[in-house]
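Note that ligands are numbered from 1 as they come in the structure, with each ligand's atoms numbered from 1 the same way. Residue indices begin at 1 and follow the sequence shown. Below, each value reflects all heavy atoms present in this structure, side chains not excepted, and no hydrogens, waters or symmetry copies. All values derive from a computational prediction rather than experimental measurement.
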Amino acid sequence: MKLINIDHVGIAVHDLDAALEEYQRQYGVAPVYRETVEVQGVEEAMIPVGGSFIQLLQPLADDTPVGKFLARNGEGMHHVAYAVADIDAALTHLKAEGSRLIDEEARVGGRGAKIAFVHPKALAGTLIELVELPHGP
Ligand code: CMX
Ligand code: CO
């Protein structure tokens with residue numbers, strides 16, 4: 001297991017257009033990717049900051065992970081995503097260490113990356129996403 005970097009921090013928002021506009025106005029930053037990821041129930045935008053991204057997430061429906069999070073907590077930090085070189089090896093390792101995986105197998109997420117989530121109750125109340133980028137670290 002080796003964490004390469006913080007790939008992104010996911011932030012749940014009600015209105016993606018409004019949040020992007022405010023990030024642009026207040027911080028002078030703009031997204032490089034924007035896409036709908038049906039299987040995750042989100043429309044997401046990625047704003048580059050140094051070697052990492054801010055990922056703004058708007059739910060596609062109330063009964064999605066981000067929709068439920070917003071209903072419970074309002075807007076705010078939703079997850080942190082760590083880049084790994086080999087996500088299958090990372091998942092095997094975490095399982096052996098007794099972690100609580102949400103995804104036993106990696107799936108395809110935004111940017112064509114392989115992703116998997118680890119339950120926030122597994123460690124420090126933080127929803128963790130592992131990311132293996134298609135073009136490598
Ligand atoms: N961060 C920290 N804690 C969280 C959390 C989050 N994002 N989401 C839920 N929790 C907590 C809840 O507060 C609850 O705590 P308590 O029991 O102390 O009240 C506990 O986890 C379990 O709550 P739950 O009712 O089972 O939660 P949900 O049904 O909302 O499911 C989770 C939570 C993490 C399993 C679900 O959101 C999930 O499967 N997430 C992975 C997929 C995802 O988040 N996709 C969107 C992002 C896509 C992307 O990044 O591209
Ligand atoms: Co994410």
Side-chain angles (χ1 to χ4, degrees):
M1 167 67 86
K2 181 169 185 285
L3 301 182
I4 297 167
N5 72 342
I6 294 179
D7 180 76
H8 64 266
V9 173
I11 299 177
V13 300
H14 288 293
D15 183 337
L16 187 57
D17 287 322
L20 283 171
E21 219 175 281
E22 283 303 304
Y23 260 97
Q24 172 85 63
R25 195 172 65 80
Q26 297 184 38
Y27 295 95
V29 292
V32 285
Y33 307 97
R34 180 166 177 158
E35 62 186 300
T36 296
V37 184
E38 294 278 350
V39 66
Q40 296 294 340
V42 293
E43 184 179 0
E44 62 180 56
M46 296 291 250
I47 300 170
V49 179
S52 307
F53 295 88
I54 301 164
Q55 180 183 56
L56 298 179
L57 301 158
Q58 178 183 329
L60 298 177
D62 292 342
D63 61 344
T64 58
V66 175
K68 287 200 230 167
F69 179 91
L70 279 171
R72 185 181 291 168
N73 308 290
E75 295 189 323
M77 276 195 10
H78 181 259
H79 65 272
V80 59
Y82 301 124
V84 294
D86 182 342
I87 196 167
D88 298 328
L91 290 173
T92 302
H93 168 81
L94 285 174
K95 205 169 173 184
E97 291 299 326
S99 184
R100 183 168 161 195
L101 304 180
I102 293 172
D103 301 305
E104 299 267 332
E105 306 271 332
R107 349 155 134 243
V108 177
R111 296 173 291 162
K114 285 167 79 179
I115 66 169
F117 286 88
V118 183
H119 202 280
K121 296 294 175 189
L123 180 59
T126 310
L127 176 59
I128 290 174
E129 177 182 355
L130 300 176
V131 180
E132 181 187 322
L133 293 168
H135 48 80

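- Under a 4.0 Å heavy-atom criterion, G10 is not in contact with ligand 1.
- Inter-residue side-chain proximity for H14 and E75 is flagged as met; some heavy-atom pair is nearer than 4.5 Å.
- Judged by the shortest distance from any of its heavy atoms, R72 lies inside the 4.0 Å radius around the atoms of ligand 1.
- Looking at E129 and Q55, their side chains come closer than 4.5 Å, going by heavy atoms from C-beta outward.
- For the pair R111 and F53, the cation-pi criterion (under 6.0 Å, within 45° of the ring axis) is fulfilled.
- Contact between V66 and ligand 1 is present, with at least one heavy atom of the residue lying under 4.0 Å from the ligand.
- A distance of 8.5 Å separates CG of L16 from CG of L57, quoted to the nearest 0.5 Å.
- The closest side-chain heavy-atom distance from S99 to L123 is not below 4.5 Å.
- With 2.8 Å as the limit, Q40 does not count as an N, O or S neighbour of the Co ion (ligand 2).
- Here the protein heavy atom with the shortest distance to atom 41 (C) of ligand 1 is F117 CG, 3.6 Å.
- An angle of 90° is found at the Co ion (ligand 2) between E129 atom OE1 and H8 atom NE2, rounded to 10°.
- Of all protein heavy atoms, the one lying nearest to atom 8 (N) of ligand 1 is F69 CD1, 4.2 Å.
- Distance check, rounded to the nearest 0.5 Å: CD1 of I6 to OH of Y82 gives 6.0 Å.
- Taking each of H8, M77, Q40 in turn, the one with a heavy atom nearest to atom 48 (C) of ligand 1 proves to be Q40.
- Atom 5 (C) of ligand 1 has its closest protein heavy atom at P120 CG, 3.9 Å.
- Considering backbone and side-chain N/O of E129, one or more are found under 3.5 Å from N/O of ligand 1.
- The presence of a protein heavy atom under 4.0 Å from atom 33 (C) of ligand 1 is ruled out.
- For atom 37 (O) of ligand 1, a protein non-hydrogen atom is found at a distance below 4.0 Å.
- Partner of V42 under the side-chain contact (heavy atoms from CB on, under 4.5 Å) criterion, out of L56, V37, T64: V37 alone.
- Here is the list of ligand 1 atoms found below 4.0 Å of a heavy atom in Q55: 49 (C), 50 (O), 51 (O).
- Looking at atom 16 (P) of ligand 1, its nearest protein heavy atom turns out to be K121 NZ, 3.5 Å.
- For atom 26 (O) of ligand 1, the closest non-hydrogen atom of the protein is H119 NE2, 4.8 Å.
- Not one N/O/S atom of H78, from backbone or side chain, sits under 2.8 Å from the Co ion (ligand 2).
- If you take CG on D103 and CG on L130, they are separated by 9.5 Å, rounding to the nearest 0.5 Å.
- The main-chain N or O of D88 is found under 3.5 Å from a side-chain atom of D86 such that the two form a donor-acceptor pair.
- Here E44 fails the criterion, with no N, O or S atom under 2.8 Å of the Co ion (ligand 2).
- Scanning the protein for heavy atoms near atom 39 (O) of ligand 1, the closest one is I102 CG2, 3.6 Å.
- The protein non-hydrogen atom at the shortest distance from atom 2 (C) of ligand 1 is G125 O, 3.3 Å.
- In this structure the side chain of V108 never reaches within 4.5 angstrom of the side chain of I115, judged on heavy atoms.
- The option from M46, H79, H78 that lies nearest to atom 44 (O) of ligand 1, judged by heavy atoms, is H78.
- Counting only heavy atoms, the protein gets under 4.0 Å from atom 51 (O) of ligand 1.
- Note: angle at the Co ion (ligand 2), from OE1 of Q55 to NE2 of H79, is 90° (rounded to 10 degrees).
- In this structure the side chain of L60 reaches within 4.5 angstrom of the side chain of E38, judged on heavy atoms.
- A salt bridge between R34 and E44 is absent, with no side-chain N of the basic residue lying under 4.0 Å from a carboxylate O of the acidic one.
- Residues K68 and D62 have side chains not in contact (no heavy-atom distance under 4.5 Å, counting atoms from C-beta outward).
- Residue K68 has at least one N or O atom closer than 3.5 Å to an N or O atom of ligand 1.
- I11 contributes atom CD1, which lies 7.0 Å from atom CE of M77 (distance to the nearest 0.5 angstrom).
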